[in-house]
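In what follows, a structure is listed as structure tokens, so that the remarks can point back to it.
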There are 2 protein chains.
Amino acid sequence: MNNLRDRRRRQTARDIQQAALRVVLRIGYGAATTDAIAAEAQISPRTFFNYYPNKQAAILGQPPKLDRDAGQWFETSDQPLVGDILRLLAQMLGDDPLDRTIMSMIKQVVDRTPELLPLFRMSLDEMTQALSDLLLARLGPDRTWEAMLIAELSTHALSNAVHSWVADDRMTVDCVLGLVRQQLDRIGALLVAGVKSTERSCG
Amino acid sequence: MNNLRDRRRRQTARDIQQAALRVVLRIGYGAATTDAIAAEAQISPRTFFNYYPNKQAAILGQPPKLDRDAGQWFETSDQPLVGDILRLLAQMLGDDPLDRTIMSMIKQVVDRTPELLPLFRMSLDEMTQALSDLLLARLGPDRTWEAMLIAELSTHALSNAVHSWVADDRMTVDCVLGLVRQQLDRIGALLVAGVKSTERSCG
DNA sequence: CACATAAATGCATACTGTGCAATATTTGCT
DNA sequence: AGCAAATATTGCACAGTATGCATTTATGTG
């Protein structure tokens, strides 16, 4: 079976990530060389690059993945959109629960090293893309931009909510999703305030 | 006056950017070394890094800047939010008009090199941050997340609209803003569809 | 013109990331 | 257990990225 090897591989990936986080928190991102991280993880410098393409990837590890196939129901649902998005996110977080310790360390690193913030944002991109694809299938091809924007919005709202979750031990996953809903609802309210209708002039 | 020197400096920065875009479009992003770009721009390899901190920055040049000070009116306006955001963006595009040729080349590069797409996204971040600050001042400190999300949404919608503008010579800046409004309005409509009210459970 | 300032350059150097080949380890199978 | 195939780890060489520092060159000012 591949299973055993795969488990070891994932464990090593996690080990390297934690080593990277430890070293970076100890001496700072700039000073943390890949060699130092490899030493901390007790692997050869070369092996480091067998697991992660670069230092940043090692810090982030692999972000949770939204399974496109497991979201077939989403495309044809006639329930309210926001509720369905929340169900998708719940599904994803259930499949691949976040590790509060790791997330907390990542947050510390990003806080100390603001130039890494965009990187952290980027790590959401795979999820954003998957969600965007599902939304596109649901909304239709003439709503490509809207699908992308709502996907962005949803993943960023999730990111915000996860930030709160990291900072508060008592918070449950349900609360995270509640926060996401709250944000999306408020955004909707802000956007429609005072709007009559959209007239298109060109394009 | 510094003014003359400054103009030369900005011109050199533009020259280097165009050289970078030419080289990258000719031989691809991966194969385009900083040395080759410096040669194309007829400067020494070392000088390249006096102008841009890295290759990516040279390709993007400096993205348009949203002047926080010029947006004081925004914070206290009682007009509809979306309309005010559009006025801000119009102001910004008026101050610092985009170059269609450059944008078109950037688009070609990003199309050929998908791994650069996040980079392009990042280049919007400064604008997003400025807009987010203005929104925060307007919405109040208890709407921090909403301010960030609406800022994201607006700049991404702008990015989408600019994509269309690049592809269509006849499109004017007004049309770009019209597209932004259209997207924001539609997002609002999608988000509020079927929503009764937000009940908060925790946090 | 001569001086002060800023820009451009050359050189040395640390670090990143990749390809390749050699070695070691694990796995499936008998 | 023992063998062969697959997979993982490692060392080495090397191209490229980026920075610091000292030096040279160009430019604007009086």
Side-chain angles (χ1 to χ4, degrees), chain A residues 1-24 26-62 109 113-116 118-119 122-123, chain B residues 1-24 26-62 109 113-116 118-119 122-123:
Chain A
M1 287 286 281
N2 265 344
N3 207 342
L4 202 154
R5 238 176 192 151
D6 274 4
R7 260 188 294 138
R8 288 187 58 130
R9 219 185 146 69
R10 262 170 301 180
Q11 186 55 48
T12 305
R14 266 188 294 260
D15 290 346
I16 296 177
Q17 181 189 19
Q18 295 188 5
L21 286 167
R22 277 197 305 274
V23 174
V24 168
R26 192 187 315 138
I27 65 179
Y29 177 78
T33 66
T34 53
D35 283 14
I37 295 172
E40 175 86 14
Q42 297 180 319
I43 55 169
S44 90
R46 185 62 185 82
T47 301
F48 176 89
F49 290 102
N50 288 347
Y51 280 86
Y52 294 104
N54 51 53
K55 211 182 0 174
Q56 306 175 347
I59 290 173
L60 291 178
Q62 49 179 171
V109 170
T113 319
E115 69 261 30
L116 289 183
L119 166 75
M122 268 173 47
S123 80
Chain B
M1 287 289 281
N2 264 344
N3 205 341
L4 202 153
R5 244 176 186 151
D6 273 3
R7 259 187 295 138
R8 287 189 58 130
R9 219 185 145 70
R10 262 170 301 179
Q11 186 55 48
T12 304
R14 266 188 294 259
D15 290 346
I16 296 178
Q17 181 190 19
Q18 295 188 6
L21 286 167
R22 278 198 304 275
V23 174
V24 169
R26 193 186 314 135
I27 65 180
Y29 177 77
T33 66
T34 53
D35 283 13
I37 295 172
E40 175 86 14
Q42 296 181 319
I43 55 171
S44 90
R46 185 62 185 82
T47 301
F48 176 88
F49 289 102
N50 289 346
Y51 280 86
Y52 294 103
N54 50 53
K55 212 186 355 178
Q56 306 175 348
I59 290 173
L60 292 178
Q62 49 180 169
V109 170
T113 319
E115 69 262 30
L116 288 184
L119 166 74
M122 269 172 49
S123 80

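So that the names make sense, note that chain A is the first sequence line, chain B the second, and so on, each numbered from 1.
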- request: Could you check how far CZ of A:Arg7 sits from C1' of D:dA8, rounded to whole Å?
  value: 17 Å

- prompt: Roughly how many Å is it from CD1 in B:Ile43 to C1' in D:dA26, rounded to a whole number?
  reply: 16 Å

query: Where the side chain of A:Glu40 meets the backbone of A:Ala19, is there a donor-acceptor pair that is under 3.5 Å apart?
result: no

task: Please state how far atom CG in B:Asp35 lies from atom C1' in D:dT17, giving the value in whole angstrom units.
output: 9 Å

task: For B:Thr34 and B:Phe48, work out which heavy atoms get closest and say how close.
output: CG2-CE2, 3.9 Å

- prompt: Regarding A:Arg9 and the six-membered ring of A:Tyr51, is the cationic atom NZ or CZ under 6.0 Å from the ring centre and inside 45° of its axis?
  reply: yes

task: Say whether, by atom type as modelled, one donor and one acceptor occur between the side chain of B:Lys55 and the main chain of B:Ala32 under 3.5 angstrom.
output: yes

N or O in side chain of B:Ser44 less than 4.0 angstrom from C:dA8 OP1/OP2: no

message: Can you work out whether A:Arg9 or B:Ala31 has the more 5'-proximal nearest nucleotide on DNA chain D?
response: A:Arg9

task: Please work out which residues in residues 46-59 of chain A have a non-hydrogen atom less than 4.0 Å from an atom of DNA chain C and list them by number.
output: A:Arg46, A:Phe49, A:Pro53, A:Asn54, A:Lys55

Contacts under 3.5 Å, N or O only, protein and nucleotides 23-25 of chain C:
none

message: Does D:dT17 have OP1 or OP2 under 4.0 Å away from a side-chain N or O of B:Thr34?
response: yes

- request: Please check if the side chain of A:Thr33 supplies one atom and the backbone of A:Ala36 the other of a donor-acceptor pair under 3.5 Å.
  value: yes

message: If you count heavy atoms of other groups shown closer than 6.0 angstrom to CZ of A:Arg8, is the number above 12?
response: no

- line: note: A:Gln11, atom CD; D:dA8, atom C1'; distance rounded to Å ~ 16 Å

query: Heavy atoms, side chains only, cut-off 4.5 Å: are B:Arg14 and B:Gln11 in contact?
result: yes

CD/B:Glu115: more than 12 non-hydrogen atoms of other groups inside 6.0 Å: yes

message: Which nucleotide wins on minimum distance to the side chain of A:Pro45, given the candidates D:dG11, D:dT10, C:dA7?
response: D:dG11

B:Asn54 side, atom CG; B:Phe49 side, atom CZ - distance, nearest 0.5 Å: 7.5 Å

query: Atom CD of B:Glu115 to atom C1' of C:dG17: distance rounded to whole Å?
result: 14 Å

field: Nearest-angstrom distance from the residue atom CD of A:Gln42 to C1' of D:dT10
entry: 15 Å

